[in-house]
Amino acid sequence: MSTSTLDSPPVVDGPTRPRGPSRSMRRAKVRGAILRHGGLILFGLFMLYPLIWMAVSAFKPSHLVLTDPSIIPTELTLENFVNGWVVGGFPFWVFFGNSLVIAISAILGNLISCSLTAYALARLEFRARNVYFAIVLVTVMLPMHAVVIPQYIVFSNLGLVNTFIPLILPKFLATDAFFIFLMVQFIRGIPRQLDEAASIDGAGPFRVFWSIILPLMKPALITTAIFTFIWTWNDFFGQLIYLTDSSVFTVPIALNALVDSESNQGTGTLMAMSVLSLIPLLLFFAFAQKHLIRGIATTGLK
Amino acid sequence: MRHLSRRRLFMGAGAAAGAGALAACGGVGGGGGDSASNLRYAFWGNNVRQENYQEAFDLMAEGNEDLALKVEFAEYSAFQERMTTQMAAGNVSDIFWIPSAQVMTYYSNGLYRPLDGVESLDLSDYADADIQDFLLDGEHNTMPFGVFVPVIRYNATFVEEDGVDWPESWDWDAFAEFAKEYTAESEDRWGVAYAADADLPFEGWLRQRGEQLWSEGGRIGYTQEGLESWIAWWEDLREAGATPTIGEQDGVGASWEDVGDRCLAWFSNSNHIVDDATMFPDFEFALSHLPVDPSASDGHQFLYFPRQAIYAEASDANAELAGEVFNFTTGDVEMLKVVGLTMGAPVNPRVAEEYVEFASPAETAMLEVVSEDREADRSPRFEAPPGSSTWRTVMTRTLEEVTTGSSTISEAAAAMIEEINQGIDRAASGEEDA
Amino acid sequence: MTAALRAKERPPGSPSVGPSPPRRRGRRSQGLAAHAFMSPWLIGLVLVTAAPMLASLYLSFTDYNIMSTPTFVGFDNFERMVGDERFWASTRVTSLYVLVSVPLQLVFALMLALVLDRGLRGLSIYRSAYYLPSLLGTSVAVAVLWKQIFGHDGLVNQALALIGIQGTNWLQNPDSALWTLIILNVWTFGSPMVIFLAGLRQIPEELYEAARVDGASQIRMFRHITIPLLTPIVFFNLILQTIGSFQAFTQAHVISGGTGGPVDSTLFYTLYIYQQAFVNFDMGYASALAWVLLLAIAVITALHFTLSKYWVFYGD
């Protein structure tokens with residue numbers, strides 16, 4: 001299966017490769033394409049069944065969501081969207097806005113801080129580099145529950161509860177160290193001849209970083225952006241403890257407030273709002289992955 | 001090192017981080033809400049409850065604009081997570097609801113402000129005996145805002161459809177026989193859902209045996225035999241097929257949405273009828289008292305109170321305001337007319353009477369069983385001691401071991417008691433050291 | 001074989017633990033520039049990360065119930081683990097989870113990344129579709145969804161009923177509950193898949209072109225270009241997923257309602273830490289548990305790095 005990925009000619013959204021297959025080959029290709037589409041669609045349906053169920057449930061009357069869980073609804077209604085739209089006196093779009101502000105700031109923060117650090121760790125030469133790199137890794141290893149309380153105490157004593165600062169500032173300080181590691185791995189995949197050539201032409205480290213490395217690591221940057229967006233959008237715990245006022249609630253906090261674990265009320269509204277909350281993620285991903293695919297063609301060894 | 005307080009420990013880092021925070025990120029941040037007062041009120045539930053409470057609070061603030069609350073709410077377990085971090089930072093809401101398993105843990109950590117000094121708090125509706133029920137360790141430091149009792153909830157529609165006889169009161173053996181017979185005769189209905197994990201019915205069982213859930217000294221109040229007898233009663237029903245299988249009811253704690261419409265009876269808390277009834281609008285539900293053995297010891301009835309408290313470090317001014325909030329939330333029928341009785345029958349006897357005319361059928365059923373138990377003579381009950389906060393999780397696991405056959409009842413019961421005891425010991429030794 | 005291709009075929013081997021060793025001859029140290037580049041991270045390390053980490057390290061040697069003053073107790077917390085059955089239960093659960101779900105998820109992700117890399121119309125739609133489950137991630141809604149699939153009347157049992165088998169309630173059966181979480185993890189293979197896709201995109205097209213001019217076969221190009229150049233990314237995903245699975249929390253928290261049941265069969269290690277810290281208020285013990293986990297992960301990661309010199313190939 002893996003080798004076939006390289007020999008299928010009409011490249012659609014990847015960079016094109018000049019080829020000239022014969023007619024019989026082409027017919028085999030068409031048959032192959034149909035098979036692959038069939039397989040991919042079947043597998044996709046299998047993968048997406050739970051989400052389809054969720055989308056259907058969003059339109060069922062609330063008390064039927066769990067008591068009549070068939071995927072073909074007997075009754076359709078918008079009541080779940082109406083009932084779930086307001087949480088804590090604020091309409092859901094406020095939470096979308098808050099989540100968006102946090103997510104976009106976090107993306108900016110991670111892109112800037114992690115790429116700078118990763119470049120130094122992957123390319124510059126200095127003493128104790130391996131030690132720094134080990135520290136980067138160790139900071140990802142401690143489970144969050146062990147540090148969240150000390151961190152909360154710090155931000156709370158600074159009076160920053162109910163602001164977005166505790167959720168955004170750390171991203172500008174590269175505390176999502178996992179992305180540093182990601183970028184280091186990508187930078188190390190870039191041939192060194194490129195920056196050496198530039199260095200010989202007199203470019204300093206920042207020039208090399210800015211005009212050689214950064215454009216070449218676009219896939220890593222986009223991956224970082226995608227992950228940061230999704231993680232921030234879904235981060236529950238951090239947002240729960242720092243944001244207590246419903247005016248600063250984010251999507252996951254508002255979603256959580258729809259369920260009452262004691263009584264199982266509100267499953268219908270949870271389904272409805274979960275479906276809505278997926279939409280920005282899906283749009284962002286669809287947009288970003290286009291760039292993920294187009295990033296490279298014009299660069300490389302020249 | 002011993003005297004290094006946790007605040008000190010983190011403040012150094014805090015001061016430094018502050019400089020960085022403000023320099024790097026000055027302008028970003030959300031608003032802090034625009035309510036005039038800074039009185040914070042923390043509670044749990046879902047957005048429906050939150051909306052109802054907000055409506056009631058708005059009503060309260062119309063009377064006194066100092067009482068405009070800053071509300072902090074979340075779902076039950078999220079509420080506790082947030083509460084824990086706030087406790088660590090000394091940043092707890094002025095008024096907060098107390099999760100049942102944490103009542104004494106919070107108390108031992110000095111979270112409650114004694115209410116004797118809160119002059120605005122109006123207790124004139126309560127008899128001395130009522131107040132006596134509220135005390136923790138002899139102190140009046142929490143304010144109950146509802147009353148639950150253990151009940152059998154049953155499907156009155158089934159009783160009618162199936163033409164069965166539902167007596168005024170049950171004893172345990174008779175109920176078990178009845179449940180088995182009913183299941184045998186019915187095609188797709190069970191007599192009762194497996195509910196050995198239901199805490200209030202379990203406590204009721206123990207008290208009828210002359211035991212307690214928790215002792216006055218902050219230990220387990222029951223014997224291994226008492227625990228075993230309770231589990232055995234349920235195992236007998238389960239093995240006879242009078243309850244759904246654990247798989248069918250989705251866990252040892254039965255899932256209402258899965259089998260609620262196929263079980264005649266359901267052991268639970270009196271307040272659950274209000275929310276649960278809405279899931280099956282085609283059925284009518286009613287409440288009975290827990291079965292009582294003829295030999296049951298006197299004073300076995302008891303009331304469970306959901307409690308709220310004023311934070312020990314709230315300012316005096318806020319504490320006085322909080323007292324007025326209590327007066328409204330527990331002493332004014334207008335509050336309950338808006339929020340209903342999802343948190344149990346009114347704790348204030350006057351309000352309980354005033355509310356009768358506004359009660360829904362489900363609420364009326366609840367008010368009746370609660371007021372009957374309230375009139376009974378009751379021996380005192382005690383809350384879960386520090387270190388036992390996870391006892392219900394432990395009990396669930398114990399029941400899972402029994403129902404999957406990986407442990408016998410007595411092995412599992414012994415292990416449960418030992419595990420809970422260890423937790424209590426550990427918390428107690430920690431306190432001595434500190 | 002082109003020069004470019006040959007240049008890529010340097011045998012992987014120079015021993016190193018961190019990123020590439022300073023092997024450039026006679027280059028002066030770039031310490032000042034490096035620290036300037038790393039300054040955001042260094043500030044964050046000192047102010048946001050290190051202090052809480054060190055605090056938790058200190059707390060792991062104390063008895064600390066969140067409200068009290070920490071009392072130093074030496075190695076008591078660590079000794080307690082030895083006799084703590086639930087600690088061992090959670091260790092077993094977590095190890096099995098890591099061992100099974102990490103390889104499965106990575107194989108799925110890599111295979112689909114290769115299939116979805118190029119060559120078909122509408123690939124971006126498939127990519128988005130396959131990524132959707134990862135978007136939902138560990139939201140509260142997952143608990144509801146999983147019950148619809150693995151519950152007593154769920155999809156799996158409905159399918160089994162068609163062939164006459166009465167299935168169990170997979171979520172409530174201690175023998176199968178963990179497997180439903182493993183499936184959940186594999187279901188969200190979209191995240192490593194995206195990283196693989198990014199890695200495939202990073203491989204310079206010129207290498208393939210040059211090889212093609214030299215008449216190299218597809219299989220040869222796959223073996224000599226795609227695979228070696230993708231190894232750093234495979235390695236990264238391996239490390240990331242291993243650490244992530246050791247720290248898996250939300251799945252079990254959401255699906256078991258925080259208990260880790262039935263009978264502790266889904267008691268992930270971090271779930272146990274959480275129970276000790278946030279429900280039991282036993283922050284000292286929770287911190288000790290956390291540091292033991294850190295040590296375990298560190299050892300395994302170091303092992304991965306040591307082994308990596310035998311199979312990971314870097315372009316630098």
Side-chain angles (χ1 to χ4, degrees), chain B residues 1-6 9-10 12-14 16-21 24 75 77 80-81 84-85 87-88 90 101-102 105-106 108-111 244-253 255 258 386-387 389-390 392-393 396-397 400-401 403-404 406-407 419 423 426-427 429-431 433-434, chain C residues 40 43-44 46-48 50-52 54-55 58-59 61-73 80 84-86 140 147 151-153 157 166-175 253 256-265 267 274-285:
Chain B
M1 281 313 239
R2 276 177 76 140
H3 301 289
L4 190 63
S5 86
R6 68 184 189 286
L9 194 64
F10 305 122
E75 168 276 326
S77 66
Q80 295 190 54
E81 287 159 14
T84 304
T85 46
M87 283 164 59
Q102 305 284 13
T105 306
Y106 285 4
S108 73
N109 283 316
L111 230 55
T245 65
I246 299 303
E248 280 165 331
Q249 66 169 33
D250 200 40
V252 292
S255 154
D258 288 333
S389 328
T390 51
R392 293 199 64 191
T393 315
T396 299
R397 178 154 32 88
E400 283 163 354
E401 281 165 4
T403 54
T404 55
S406 62
S407 265
E419 187 172 343
R426 205 170 287 123
S429 74
E431 238 162 71
D433 291 349
Chain C
I43 294 171
V46 174
L47 298 186
V48 186
L54 294 176
Y58 167 70
L59 291 176
F61 293 99
T62 66
D63 186 6
Y64 172 51
N65 82 350
I66 286 183
M67 294 291 287
S68 68
T69 303
T71 318
F72 190 80
V73 294
R80 178 174 153 197
D84 180 354
E85 275 173 42
R86 302 194 74 209
V140 265
K147 196 170 145 186
H152 184 263
D153 300 318
N157 283 350
Q166 164 70 56
T168 170
N169 183 332
W170 305 92
L171 296 167
Q172 291 301 332
N173 185 331
D175 296 326
H253 184 249
S256 75
T259 64
V263 203
D264 283 348
S265 60
L267 184 69
Y274 161 85
Q275 288 182 0
Q276 291 296 347
F278 283 85
V279 188
N280 258 353
F281 297 159
D282 204 340
M283 198 65 199
Y285 190 50

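In what follows, every chain begins at residue 1, and chains take the letters A, B, ... in the order their sequences are listed.
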Shortest non-hydrogen contact between C:Asn169 and B:Gly247, atoms and distance: ND2-O, 2.7 Å
Greatest number of non-hydrogen atom pairs under 4.5 angstrom with chain C, of B:Asp258, B:Val252, B:Thr396, falls to B:Asp258
Among B:Ile246, B:Thr85, B:Thr393, B:Thr390, who wins on heavy-atom pairs under 4.5 Å with chain C? B:Thr390
To check you understand the geometry: which heavy-atom pair defines the closest contact between C:Asp282 and B:Arg426, and what is its length? OD2-CD, 3.7 Å
Where on C:Thr259 is there a heavy atom nearer than 4.5 Å to chain B: the side chain, the backbone, both, or neither? both
Atom group of C:Tyr285 that falls short of 4.5 Å from chain B, counting heavy atoms: neither
Do you know which of C:Gln275, C:Arg86, C:His253 has the most heavy-atom pairs under 4.5 Å to chain B? C:Arg86
So for B:Gln249, is it side chain, backbone, both, or neither that comes closer than 4.5 Å to the heavy atoms of chain C? neither
Given a strict heavy-atom distance threshold of 4.5 Å, which part of C:Pro174 is in contact with chain B: side chain, backbone, both, or neither? side chain
At a 4.5 Å cut-off on heavy atoms, which part of B:Thr404 comes close to chain C: side chain, backbone, both, or neither? side chain
Which portion of C:Asn173 sits near chain B, non-hydrogen atoms under 4.5 angstrom: neither
For chain B, which of C:Gly257, C:Pro262, C:Gly284 has the most heavy-atom pairs under 4.5 Å? C:Pro262
Nearest 0.5 Å, please: how far is NE2 in C:His152 from CG in B:Asp250? 10.0 Å
Report the distance from atom CD of C:Gln172 to atom OG1 of B:Thr245, rounding to the nearest 0.5 Å. 10.0 Å
Contacting region of B:Thr403 [heavy-atom separation from chain C under 4.5 Å]: neither
Considering all heavy atoms, the nearest B:Ala88-C:Ile66 contact: CB-CG2, 3.5 Å
Test side chain to side chain contact (heavy atoms under 4.5 Å, CB included) applied to C:Lys147 and B:Ser255, step by step: CA-CA 11 Å; C:Lys147 196 170 145 186; B:Ser255 154; 3.3 Å; yes
I need the minimum non-hydrogen distance between B:Met87 and C:Phe281, along with the two atoms involved. CE-CE1, 3.9 Å
Select one option (side chain, backbone, both, neither) describing which atoms of C:Ala277 are under 4.5 Å from chain B's heavy atoms. backbone
